[in-house]
K.L.:
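Next up is a structure, given as structure tokens.
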Amino acid sequence: MAVEPRDDDTIVALSTPPGLGGLAVVRLSGSESVSILNKLLPPNKRISSKSHGRALVTTISDPSTGETIDEVVLTFFKAPHSYTTEDLVEISCHGGEYVQGQILKLSTAAGARIADPGEFTKRAFLGGRIDLSQAEAVADLISAKVKSAHRFSILQMQGALKERTSFLRSKIVELSALIEAELDFSDDEIVPTPKEVIAEKINQVLAGIQLITDNYGYGKIVRNGAIVPIIGKPNVGKSSLLNSLLAEERAIVTETPGTTRDSIECSVDVDGFLVRLIDTAGIRNAGESVEKLGIEKTFEQIQSADLILWLLDRSSPLGEDDLYIHTELKNREYITIESKSDLPRHKSFDPEKQNITPDLAISNPTGEGLHELSILISSRLRKYDAGEDAIITNARQAAALSKSEKSLKMALESTINNVGNEFISVDIRDAMNYLGEITGEITTDDVLNEIFGRFCIGK
Ligand SMILES: Nc1nc2c(ncn2[C@@H]2O[C@H](COP(=O)(O)OP(=O)(O)OP(=O)(O)O)[C@@H](O)[C@H]2O)c(=O)[nH]1
Ligand SMILES: [Mg+2]
């Protein structure tokens, strides 16, 4: 019969990737972790409460046969001073599949249960060591590939978002106390707070929320990567630029205009940002149906881009297709690039005459301007940063903030319109609870399962 997992079981899992490696780490966490592990250790080398924070070199054996499985290093962290807030042991063993498998098998035979994905971090949350935004940051830190993603996951793991939302929530709690006090007492017993004062306090919290929300766009760029299509008329060198930035021959390059029909997306680290470069079909007012479909897709990509790289071929005349693209770029963030700078400027290549000012010139064969382009891309992406450390990086956090903002706006409107305090107080309470969703003060099992289910096993 399957045993229902409980939060107070002692759990075990491999915390390093499965497969071969020099070393592997198996973690055990829970009140029984020491007694379980001691069953596998020689009597003179067992863990006691004095072993906290110390490394112990010992052997692990199969208690039923006495066979030595491995020589290991154990590190013991006594509750509550551990990652999970429970008694926790990290077993550094040799990184062979058999050894890892045997240690897991012997631990479960001795009473541990194999951990669910993210269960160690879930226990850190349930034990009150970290809040939900910090738990999410652990997952972000593990998946961070570039500097900017790493920086924000570290800030969030250290509690930047938690502190900011807790501060805003405390302001709402004060507000709620003010309003509810008036509900409990008559006007003779308490001097009512003027509605202007209440409105001002609501506005202050709204401004705080706005500051964090403003940075969501940047948070998405940092976490999921910036969407950066390379566009231009056919043959300007878009696919060549993609290849240059990736430093590999990823897209097909030919001298025939209209080579790229379907877009290709590749992720690359550009000066610390994860950039999702998209090579697109060249835009021209011609071509047969397949090419036309490709061009339609390019226009969609222009609309959803965080930043566009627009190429102009300096070795050919500036044409109607270029001018048409320019009109499509209105109100979009883009960098204008003069391509093929190793070739002479065509005498009819005159962007300045059309009020187009190239930001820089590049050449794929010589590499001229490519480093400058990387720097320019990162500095343009940094413009999205509202300078806020408490940045939200996922839709769950954004939704909670937006619900809180909506409730506060309703409370503000009611305050201005002299609607009774009992109505205002309901909206204020809602706003408070929605903010609590970010840190996990208010949460459901479903939300927790959804968040921790996305972690890998052993984290
Ligand atoms: N001299 C020179 N030639 C280049 C440069 N970049 C690309 N080319 C050449 O220009 C031609 C077109 O390059 P592609 O990269 O395929 O251009 P594209 O914009 O992707 O073209 P389509 O996919 O047809 O829209 C090829 O013959 C390339 O070798 C450059 O910087 N200098
Ligand atoms: Mg191409």
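Counting starts at 1 for both ligands and their atoms, in listed order.
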K.L.:
Walk me through it: do Glu174 and Lys171 pass the test salt bridge (charged side-chain N to carboxylate O under 4.0 Å, His left out)?
P.N.:
CA-CA 5 Å; Glu174 281 173 23; Lys171 291 282 151 205; 3.7 Å; yes

K.L.:
Would you call Asp279 and Lys238 a salt bridge, taking side-chain N to carboxylate O under 4.0 Å as the test?
P.N.:
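Salt bridge: no.
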
K.L.:
By residue and atom, what protein N/O/S atoms are less than 2.8 Å from the Mg ion (ligand 2)?
P.N.:
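Metal shell, protein only: Ser239 OG, Thr260 OG1.
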
K.L.:
Can you see which heavy atom on Ser414 is nearest to which on Ile424, and at what distance?
P.N.:
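That would be CB-CG1, 3.7 Å.
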
K.L.:
Just to be sure I understand the cut-off, which residues have at least one non-hydrogen atom under 4.0 angstrom from an atom of ligand 1?
P.N.:
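Residue list for ligand 1: Pro234, Asn235, Val236, Gly237, Lys238, Ser239, Ser240, Val253, Thr254, Glu255, Thr256, Pro257, Gly258, Thr259, Thr260, Gly282, Lys340, Asp342, Leu343, Ser363, Asn364, Pro365.
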
K.L.:
Check this for me, if you would: do Glu338 and Arg345 make a salt bridge, where the nitrogen-to-carboxylate-oxygen distance has to be below 4.0 angstrom?
P.N.:
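Between Arg345 and Glu338 there is a salt bridge, with a charged N closer than 4.0 Å to a carboxylate O.
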
K.L.:
Side chain to side chain contact (heavy atoms under 4.5 Å, CB included) with Pro365: which residues, sequence neighbours excluded?
P.N.:
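Expected list: Asp342, Ser363.
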
K.L.:
State, yes or no, whether a side-chain contact exists between Arg169 and Asn433 at a heavy-atom distance under 4.5 Å.
P.N.:
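Counting from C-beta outward, Arg169 and Asn433 do come under 4.5 Å.
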
K.L.:
For the ring pair Phe120 and Phe455, is the centre-to-centre distance below 6.0 Å?
P.N.:
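Phe120 vs Phe455: aromatic centres not under 6.0 Å.
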
K.L.:
Strictly by side-chain hydrogen bond (donor to acceptor under 3.5 Å, both in side chains), give each pair with a member in residues 293-312 just once, sequence neighbours left out.
P.N.:
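Applying side-chain hydrogen bond (donor to acceptor under 3.5 Å, both in side chains) to every pair that reaches into residues 293-312, excluding sequence neighbours, yields Asp262-Lys297, Ser263-Gln301.
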
K.L.:
Would you verify whether the NZ or CZ of Arg27 falls within 45 degrees of the ring axis of Tyr83 while also being under 6.0 Å from that six-membered ring's centre?
P.N.:
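Satisfied, under 6.0 Å and within 45°.
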
